[in-house]
Amino acid sequence: MSSAVPSSVEAWVDALEAVGYFADRRLATAVHLAVKLERPLLLEGAPGVGKTELAKAIARVLSRDMVRLQCYDGLDQRDALYEWNYAAQMLHARLMQSSATADEIEASLYSDKYLIARPLLQALQAPAPGAVLLIDELDRADEPFEAFLLEYLGELQVSIPAFGTIRAERAPITILTSNRTRDLNDAVKRRCLFHWLDFPSRNRELAIVRARLPEVGVQLAKQVTTFVQRMRASAAEVGLGRAPGIAETLEWARALTALNVGDLGASAVTDTVGVLLKDANDWQRIEPHVATWLVAEDSP
Ligand SMILES: Nc1ncnc2c1ncn2[C@@H]1O[C@H](COP(=O)(O)OP(=O)(O)O)[C@@H](O)[C@H]1O
Ligand SMILES: [Mg+2]
């Protein structure tokens with residue numbers, strides 16, 4: 001079951017919103033082009049701005065399966081691409097020993113039957129209409145792994161020694177993300193369309209809270225988003241370890257609602273700040289600012 005591919009930037013904005021993802025025109029343009037031109041899309045931005053969620057939303061819009069490759073230090077092609085089922089190969093070889101020549105045995109060992117597909121290969125072999133491949137947090141992997149990805153990113157194919165080259169019949173829609181803990185290789189960037197994802201505007205964040213959490217009152221939703229936006233804007237000045245992401249905004253609004261807070265005040269902030277900040281020292285850093293961040297937006 002596949003859905004029609006949105007055919008314009010506006011159609012992408014609407015389709016993403018219909019599955020709960022709020023994108024601005026620039027982001028929707030990047031998605032539209034990536035799909036239309038069959039180019040990988042690299043999303044960079046702070047943690048919690050909505051990079052991973054975008055890949056999921058695209059998969060929902062297109063009714064495609066999402067295949068996820070979570071990157072980490074030490075990730076190699078065995079975890080990313082394929083692995084031979086060594087035990088089954090050994091067993092097969094032993095069973096054939098009496099009836100076949102060594103060459104025949106060897107030729108039969110490197111077949112589909114013994115190939116264990118990992119995410120990249122699964123995405124290349126996905127049945128119609130094709131998959132959405134999410135290569136998440138590529139900055140966590142090491143440089144040899146980035147080099148290994150070049151063939152896939154450039155030609156949407158991979159080469160497996162003793163087996164052959166596997167090309168995608170239906171180009172996977174490929175989304176790469178990076179939290180930018182380090183710079184990615186230029187060769188990777190050259191093969192991708194690029195989009196820098198910022199935190200949403202106050203109104204877009206409010207829309208996200210309203211859509212995701214209909215149980216949260218309008219007044220509280222406005223106060224929470226205003227507070228978080230001001231906190232982010234002052235993060236560098238105040239010396240925050242890490243600015244809260246959209247997930248923290250949502251979590252905080254949910255927590256306050258669970259505590260029956262309908263009107264955000266200083267004591268509610270103090271009681272629940274652990275939901276918003278994950279670094280013990282950050283509370284001391286923000287405490288002097290809480291009162292000003294709580295001032296209503298339309299106050300003089
Ligand atoms: N544009 C958006 N529209 C709706 N929800 C969003 C949006 N961006 C982020 N979110 C929410 O914020 C959470 C964090 O986003 P996530 O994609 O995990 O961030 P990242 O991958 O950039 O660290 C998601 O679970 C999602 O609920
Ligand atoms: Mg993520």
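All residue numbers refer to positions in the sequence shown, counting from 1.
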Rounded to the nearest 0.5 angstrom, the CG-CG distance for Leu250 and Leu213 is 5.0 Å
Contact between Pro47 and Arg242 at the side-chain level, heavy atoms closer than 4.5 Å - yes or no?
yes
*Pair Asp263-Gln223, side-chain donor/acceptor within less than 3.5 Å*: yes
Here the gap from Leu54 atom CG to Leu41 atom CG, rounded to the nearest 0.5 Å, amounts to 7.0 Å
| message | Test of understanding: clusters of I, L, V, M, F, W, Y form through side-chain heavy atoms closer than 4.5 Å, transitively. Do Leu259 and Val290 belong to the same one? | response | yes
task = Any chance you could lay out the side chain to side chain contact (heavy atoms under 4.5 Å, CB included) test for Trp252 and Val269, step after step, and finish with the verdict?
result = CA-CA 10 Å; Trp252 195 34; Val269 175; 4.1 Å; yes
**Study point:** Non-hydrogen side-chain atoms of Trp283 and Thr270 separated by less than 4.5 Å
**Key:** yes
When you compare the side chains of Thr177 and Glu44, does any donor N or O come within less than 3.5 Å of an acceptor on the partner?
no
Discussion item. Has Arg191 got a side-chain atom pairing as donor or acceptor with Ala187's backbone, closer than 3.5 angstrom?
Written reply: yes
Using distance alone, with no hydrogens and no angle criterion, decide if His92 and Ser108 have a side-chain donor and acceptor under 3.5 Å apart.
yes
Tightest non-hydrogen contact, residues Gly241 and Asp279, listed as CA-OD2, 4.4 Å
Self-check item: CG/Asp65: more than 12 non-hydrogen atoms of other groups inside 6.0 Å
Solution: no
In short, side-chain hydrogen bond (donor to acceptor under 3.5 Å, both in side chains) pairs touching residues 12-30 with sequence neighbours left out are Glu10-Arg25
So CG of Leu153 and CD of Glu146: to nearest 0.5 Å the spacing works out to 9.5 Å
> Under 3.5 Å, is there a donor-acceptor pair between the side chain of Arg210 and the main chain of Gly217?
Replying inline: no
Main-chain N/O of Glu104 paired with Thr101 side-chain donor or acceptor, under 3.5 Å: yes
Residues 94-113 vs ring-ring contact (aromatic ring centres under 6.0 Å, His included), sequence neighbours excluded, gives Trp84-Tyr110
- Side-chain donor-acceptor pair under 3.5 Å between Ser178 and Glu137, yes or no? no
Nearest heavy-atom contact between Ser63 and Pro129 is O-CG, 4.5 Å
### Side chain proximity check, Leu256 to Val224, heavy atoms < 4.5 angstrom
yes
Hey, quick one: are Ile135 and Phe194 part of the same hydrophobic cluster, counting side-chain heavy atoms closer than 4.5 Å, chains of contacts allowed?
-> yes
Looking at Arg232 and Glu205, is any side-chain nitrogen of the basic one under 4.0 Å from a carboxylate oxygen of the acidic one? yes
Review point. Would Asp139 and Arg180 count as a salt bridge (charged side-chain N to carboxylate O under 4.0 Å, His left out) if you check the C-alpha gap in whole Å, the side-chain angles of each, and the deciding distance to 0.1 Å?
Key: CA-CA 6 Å; Asp139 52 328; Arg180 221 180 190 183; over 6 Å; no
message = Is it the case that atom CZ in Arg78 sees more than 12 heavy atoms from other parts of the structure closer than 6.0 Å?
response = no
Discussion item. Whether the side chain of Glu38 engages the backbone of Ala171 through a donor-acceptor N/O pair (distance < 3.5 Å, no angle test) should be reported.
Written reply: no
Exercise for the section: For the pair Asp198 and Arg204, find out whether any cationic side-chain nitrogen is under 4.0 Å from an anionic carboxylate oxygen. Expected result: no
message: In the structure I gave you, are the side-chain heavy atoms of Thr225 and Val209 within less than 4.5 Å of one another anywhere?
response: yes
Connected via hydrophobic side-chain network under 4.5 Å: Met66 and Leu156: no
Would you say Phe199 and Val228 make side-chain contact, with heavy atoms under 4.5 Å?
-> no
Heavy-atom closest pair (Val216 atom, Ala253 atom, distance to 0.1 Å) is CG2-O, 3.8 Å
To the nearest 0.5 Å, atom CG of Leu206 lies from atom CZ of Phe22 at 9.5 Å
- Task: Before accepting this row, confirm whether a basic side-chain N of the pair Glu53/Arg212 lies closer than 4.0 Å to the acidic partner's carboxylate O.
- Result: yes
*Arg140 to Tyr72, cation-pi by 6.0 Å centre distance and 45° axis angle*: no
For Phe145 and Cys71 the tightest heavy-atom approach is CE2-SG, 4.4 Å
| task | Tell me, with the steps shown, if Leu184 and Leu42 meet side chain to side chain contact (heavy atoms under 4.5 Å, CB included). | result | CA-CA 10 Å; Leu184 297 180; Leu42 169 61; 3.8 Å; yes
Of all heavy-atom pairs linking Ala211 and Pro214, the shortest is O-CD, 3.9 Å
More than 12 heavy atoms of other groups within 6.0 Å of Lys189 NZ: yes
Heavy atoms, side chains only, cut-off 4.5 Å: are Leu120 and Phe148 in contact? yes
>> side chain to side chain contact (heavy atoms under 4.5 Å, CB included) for Thr272 and Val261? Distances and angles first, verdict last.
In response: CA-CA 11 Å; Thr272 58; Val261 175; over 6 Å; no
Do any N or O atoms from the side chain of Arg68 and from the backbone of Lys56 form a donor-acceptor pair under 3.5 angstrom?
no
Paired with Leu43, the side-chain contact (heavy atoms from CB on, under 4.5 Å) test is passed by just one of Val49, Leu27, Thr52, Leu193, namely Leu27
Short side-chain to backbone donor-acceptor contact, Glu287 and Gln284, under 3.5 Å: no
Are the side chain of Glu83 and the backbone of Ala117 linked by a donor-acceptor contact shorter than 3.5 Å?
-> no
Would you check if Glu248 and Lys278 make a side-chain contact, meaning some heavy-atom pair closer than 4.5 Å? yes
Has Thr249 got a side-chain atom pairing as donor or acceptor with Gly245's backbone, closer than 3.5 angstrom? yes
Parallel, tilted or perpendicular: which fits the ring planes of Phe227 and Trp293, with parallel below 30° and perpendicular above 60°?
perpendicular
Can Leu16 be reached from Leu197 by stepping across I, L, V, M, F, W or Y side chains whose heavy atoms are under 4.5 Å apart?
yes
Between the CD atom in Gln89 and the CG atom in Leu115, the distance rounded to the nearest 0.5 Å is 9.0 Å
What one should report as the nearest heavy-atom pair of Ile208 and Pro200 is CD1-CG, 4.4 Å
Are the side chain of Asp282 and the backbone of Arg285 linked by a donor-acceptor contact shorter than 3.5 Å?
-> no
Distance col, row Gln229:CD vs Thr226:OG1, nearest 0.5 angstrom, shows 7.5 Å
Looking just at side-chain N and O atoms, do Lys51 and Asn179 make a donor-acceptor pair shorter than 3.5 Å?
yes
With a 4.5 Å cut-off on side-chain heavy atoms, are Glu169 and Arg167 touching? no
Report task. Run the numbers on Val31 and Ile58 for side chain to side chain contact (heavy atoms under 4.5 Å, CB included), then give the verdict. Result -> CA-CA 8 Å; Val31 172; Ile58 293 170; 3.9 Å; yes
CD/Gln157: more than 12 non-hydrogen atoms of other groups inside 6.0 Å = yes
Discussion item. Is there a path of hydrophobic side-chain contacts, each under 4.5 Å between heavy atoms, that joins Leu277 and Ile246?
Written reply: yes
